[in-house]
Amino acid sequence: MAKKSTFRTNWPKTLIQLGILAALVFFLSGLAVKIFPGMTAPDPEKYCPYGGLEALATYIQRGSLPCSMTSLQIVMGIALAAAAVLFSKLFCAFICPVGTVEDLLIRLRKAIGIKAVRLSGTGVADKALRIVKYALVFWLFYMTISSSELFCKNLDPYYAAATGFKGEITLWMSVITVGIVIVPGLFIDRFWCRYICPLGAISNSFKFWISMAVLAIVFIVLNLVGLAVSWTIVLAAFCIAGYLLEILCGKPKAQLLYVINDEPKCTHCNACQKACPYNIDIAHLGGKVNSVDCTLCGECVASCTSGSLSIGTKKPGKPFMKYVPAIITLAVAVIAFIAGSSFELPTISETWDIEEGMELQDVKIENLRTVKCYSSSMAFKARMEKVKGVHGVRTYVGSHTVVVSYDPKITSAEKIQEAVFTPSHFRAMSPDPKEYPEVKVVTIRTEHMHDKTDLSYLGIQFKLTDKGIFGLDSEYDCPLVVHVYMDPAVELDEEYFRQVVEKKSLDMVTASGNVKSTPVDFEFVRLEEGYDIIPTPEYLKMMFDGFHADYNGRYPDGDSTVVRKRNLQYADQPQFIVEVADPNFEKTVVTRALPFLSNHVSREEGVISMDLTLNKDYVPCIQFRFAAPATAERIYELMTMDTWTITYATDDVREEPARLAVKNPFTSFPAE
């Protein structure tokens, strides 16, 4: 009898899998942003249930969320667990993109005639391989909870592919895991899902939820009687119990839905086993297929030529029941999305120095774009700890919101907002002092601009209008003071400023040609009367972000923590400056490399200090101050080397590729 194709007969699974895969390609490739310019590029981990379960475990243990996890991922993880408990591994069957790729590899193998390698569920190899995914669960959860960073991103094949191997990955780990998905998956059906996937291990464990509940109760009782059990032991026990239940039992008995075999109708043709991605021996399991590997994908039902298989509870189900797993999957996903979007857990919730009788009040500050993950939340907390009268913070990275708790007897909401605010500047262009000897300064007032990145977003909005705006800076007040530096010949009215400030999104073309849209919610209050005029050199100096490093002779051999007076060692010797000027030295890629260039050149005897500054022509330049025995030619040679010598510690000196290509010629002159 010819093999029955399930590609069309099991169309609900095919439709959902290919639909999700197509949607991921459409959105994550940037195609969606090209077609719909106002759309924001999606976050590939936004709906990750495994990350959600790691986030939930971290929240329970540490009271904080790792990385940029939010309530949405947590609810997605809980929904996956609930579906596994009540029904089966529906996420694995219908939604998981890695599972879809594995299923497509099965079809590819059949199309090109490669013979499948079948590992028996009772064999030693199968049982030994299954321990890998439980070891990964322990490692990934341990690393995530310990560091509050989502460690699974280092090796997740989906995340690596979704980010084009440009995300927060460890390249060699990601390459290996992608290779494991593809190469063994071409020969062994769903190799990754069955043996490697940590989410598969968790889903299998939740199928034995009664045993896991008993295990949890044991640990709770031990803690209640004073025998505190470390979370690492709880995690290890969960992994060990899940593995042993999977290989020794393998038959969960507390689900609501199963594949049911009407045995009198079964012809034992084994078409169902051949179609099953997990090679389950369905015909010999009896009336109810309660294998731990079963995902209710429906492949066996669709392949059955005798009509003996159906989806049901305890008895064979009606024909329409074959659609139920797909319907449940979509319903659970929609409910989880709505529920997870309706509230937000704090990434951190920290208090300090609270005394008895203290009555604290809260001030809520929104749109702090720099508060976007656990690390930035902790940085914000460290900053608030220095503010007198502040005793707690809660951060919500999904909405970039913070709540600061303070003692109203000592400080106020207004003072907290001022402490949170960071004055900043944004330069759209550097006018030539010869063409523009002066710059006009007008002042506008705005609201909803608490974060330093907000001024950059607004500055880009002004720059995109091409109306002669040179730059902006901000000064705290209520409403916020924003100084606009512009061409003195340009006249702009209040309506122009209102329209630019109150644009609802910042749309910028990226290097790849896509349009990146960032939502903004600034409010224009007013344009102040009058204007000021300042010399252009003053504006250029005001907007320039320099760099400075002092060395006391051979800097790496000394104590870098001791600040000493510049030129101390060479105070009685003639000193000189070697200068390389380049307008590109202001770019971020250059400024990030300057500490490494400084470290490299400072090894030379006689080098005194380094500066990134403006020269007499107001062009950005790198200057090294030096004295004998150093020479300008030798310092320039060090700057232009292809390999730099970087001293990280006294016993850690490395040869590394140069992080900056210095090509312009140098000049040298006596230091003042």
Open item on the list: Ring centroids only, cut at 6.0 angstrom: are Tyr457 and Phe522 within range, meaning strictly under it?
Closed with: no
Task: Donor on one side chain, acceptor on other, Tyr618 and Ser430, under 3.5 Å - done: no
- [ ] Please report the C-alpha distance between Leu597 and Ile622 in whole Å, then the side-chain angles of each, then the deciding distance to 0.1 Å, and finally whether the side-chain contact (heavy atoms from CB on, under 4.5 Å) criterion is met.
- [x] CA-CA 10 Å; Leu597 176 62; Ile622 295 174; 4.0 Å; yes
TODO: Go through the steps to decide whether Asp532 and Lys440 satisfy the test salt bridge (charged side-chain N to carboxylate O under 4.0 Å, His left out), and finish with yes or no.
DONE: CA-CA 6 Å; Asp532 293 321; Lys440 182 163 68 175; over 6 Å; no
- [ ] Could you go through the salt bridge (charged side-chain N to carboxylate O under 4.0 Å, His left out) check for Glu366 and Lys364 one step at a time?
- [x] CA-CA 7 Å; Glu366 300 176 315; Lys364 182 179 180 181; 3.8 Å; yes
TODO: If the plane angle is over 60° it's perpendicular, under 30° parallel, otherwise tilted; pick one for Tyr496 and Phe462.
DONE: tilted
- [ ] Indicate whether any N or O donor in one side chain lies under 3.5 Å from an N or O acceptor in the other, for Ser505 and Asp507.
- [x] yes
- [ ] Please say whether the positively charged group of Arg445, taken as NZ for Lys or CZ for Arg, lies over the ring of Phe524, i.e. under 6.0 angstrom from the six-membered ring centre and within 45 degrees of the axis.
- [x] no
Open item on the list: Distance check, rounded to the nearest 0.5 Å: Ile169 atom CD1 versus Leu155 atom CG?
Closed with: 10.5 Å
Task: From NZ (Lys153) to CE (Met173), nearest 0.5 Å - done: 14.5 Å
Task: side chain to side chain donor-acceptor pair (under 3.5 Å) assessment of Tyr47 paired with Gln73 - done: CA-CA 5 Å; Tyr47 309 104; Gln73 289 96 338; over 6 Å; no
Open item on the list: Tell me if the centroids of the rings in Trp231 and Tyr142 come within less than 6.0 Å of each other.
Closed with: yes
- [ ] I would like to know whether Asp473 and Tyr485 meet side chain to side chain donor-acceptor pair (under 3.5 Å); could you show each step before the answer?
- [x] CA-CA 8 Å; Asp473 68 18; Tyr485 300 87; 2.7 Å; yes
Open item on the list: Nearest 0.5 angstrom please: Glu45 CD to Glu168 CD, how far?
Closed with: 6.5 Å
Open item on the list: I'd like to know if Glu385 pairs up with Arg383 as an ion pair, taking the criterion as any Lys NZ or Arg NE/NH1/NH2 lying under 4.0 Å from an Asp or Glu carboxylate oxygen.
Closed with: no
- [ ] Check whether the side chains of Thr232 and Ser230 place a donor and an acceptor atom closer than 3.5 Å, and report yes or no.
- [x] yes
- [ ] State whether Arg394 and Asp362 are salt-bridged, where the test is any N-O pair (Lys NZ or Arg NE/NH1/NH2 against Asp/Glu carboxylate O) under 4.0 Å.
- [x] yes
Open item on the list: Under a 3.5 Å threshold, yes or no: a donor from one side chain and an acceptor from the other, between Arg62 and Tyr374?
Closed with: yes
Open item on the list: I'd like to know if the side chain of Glu350 pairs up with that of Ser377 as donor and acceptor (distance under 3.5 Å, no hydrogens or angles considered).
Closed with: no
Task: His450 side chain to Asn367 side chain, donor-acceptor N/O pair below 3.5 angstrom - done: no
- [ ] Compute the ring centroids of Phe470 and Phe426, then answer whether they are less than 6.0 Å apart.
- [x] no
Open item on the list: Pair Phe141, Tyr50 - check ring pair (Phe, Tyr, Trp, His ring centres under 6.0 Å), show working.
Closed with: CA-CA 10 Å; Phe141 269 73; Tyr50 185 77; 5.7 Å; yes
Task: Val441/Val484 under side-chain contact (heavy atoms from CB on, under 4.5 Å): CA gap, chis, key distance, verdict - done: CA-CA 6 Å; Val441 188; Val484 183; over 6 Å; no
